[in-house]
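Numbering starts at 1 and runs along the sequence shown.
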Amino acid sequence: MDSDTAASPHGLVVCDECDAIWLEPDLNTAHQYPDVENAKCPVCNGGLWGSNSRWANRDDLALLQWDMAINPELDITEG
C-alpha cells in the first residue's frame with residue numbers, strides 16, 4: 001500500500017461486540033483483532049478510536065460496499 005492510499009479517507013468494518021476488523025466487504029475473508037491497549041487502524045496506523053473515527057451509517061456502508069450486510073429491520077441513522 002502506498003502512502004497516498006493510506007492518507008486518503010478510508011473505512012473498515014469493526015464488530016461492536018468482539019472488535020474484529022474486516023478490510024473487505026465479505027465476512028468470509030480474513031479478519032484481525034486490534035491490540036486492546038493501543039488499537040491502530042490497519043490501513044493508516046492511526047488510532048482506531050481517534051477523533052477521525054465514528055460508527056458508520058447506511059450511506060457509509062453502501063459506499064464501502066457493506067450494504068448487503070445491513071439488517072433492514074434495524075434502526076440505523078441515515079447519513
Contacts of Asp60 that satisfy side chain to side chain donor-acceptor pair (under 3.5 Å) - sequence neighbours left out: Arg54
Between Trp22 and Cys15, the two heavy atoms sitting closest are CZ3-CB, 4.1 Å
Can you hop from Val36 to Leu12 via hydrophobic side chains spaced under 4.5 Å? no
Is there a side-chain contact between Cys41 and His10 in this structure, where contact means two heavy atoms from C-beta onward sitting under 4.5 Å apart? yes
Can you give me the closest heavy-atom contact between Glu24 and Trp66, atom names plus distance? O-CZ2, 2.7 Å
With sequence neighbours excluded, what pairs up with Asn38 under the side-chain contact (heavy atoms from CB on, under 4.5 Å) test? Asp35, Lys40
What one should report as the nearest heavy-atom pair of Val14 and Ile21 is CG2-CG1, 4.0 Å
Set of residues satisfying side-chain contact (heavy atoms from CB on, under 4.5 Å) with respect to Leu63, sequence neighbours excluded: none
If the condition is side-chain contact (heavy atoms from CB on, under 4.5 Å), which residues does Ala39 pass it with, not counting sequence neighbours? Pro34, Leu48, Trp49
Shortest non-hydrogen separation from Asp26 to Asn28 and the atoms involved: OD1-N, 2.8 Å
Check whether any side-chain heavy atom of Leu23 lies under 4.5 Å from a side-chain heavy atom of Gln32, and answer yes or no. yes
With Gln65 via side-chain contact (heavy atoms from CB on, under 4.5 Å) - residues at least two apart: Pro25
Where is the tightest heavy-atom contact between Tyr33 and Ala20, given as atom of each residue plus distance? CE2-CB, 3.5 Å
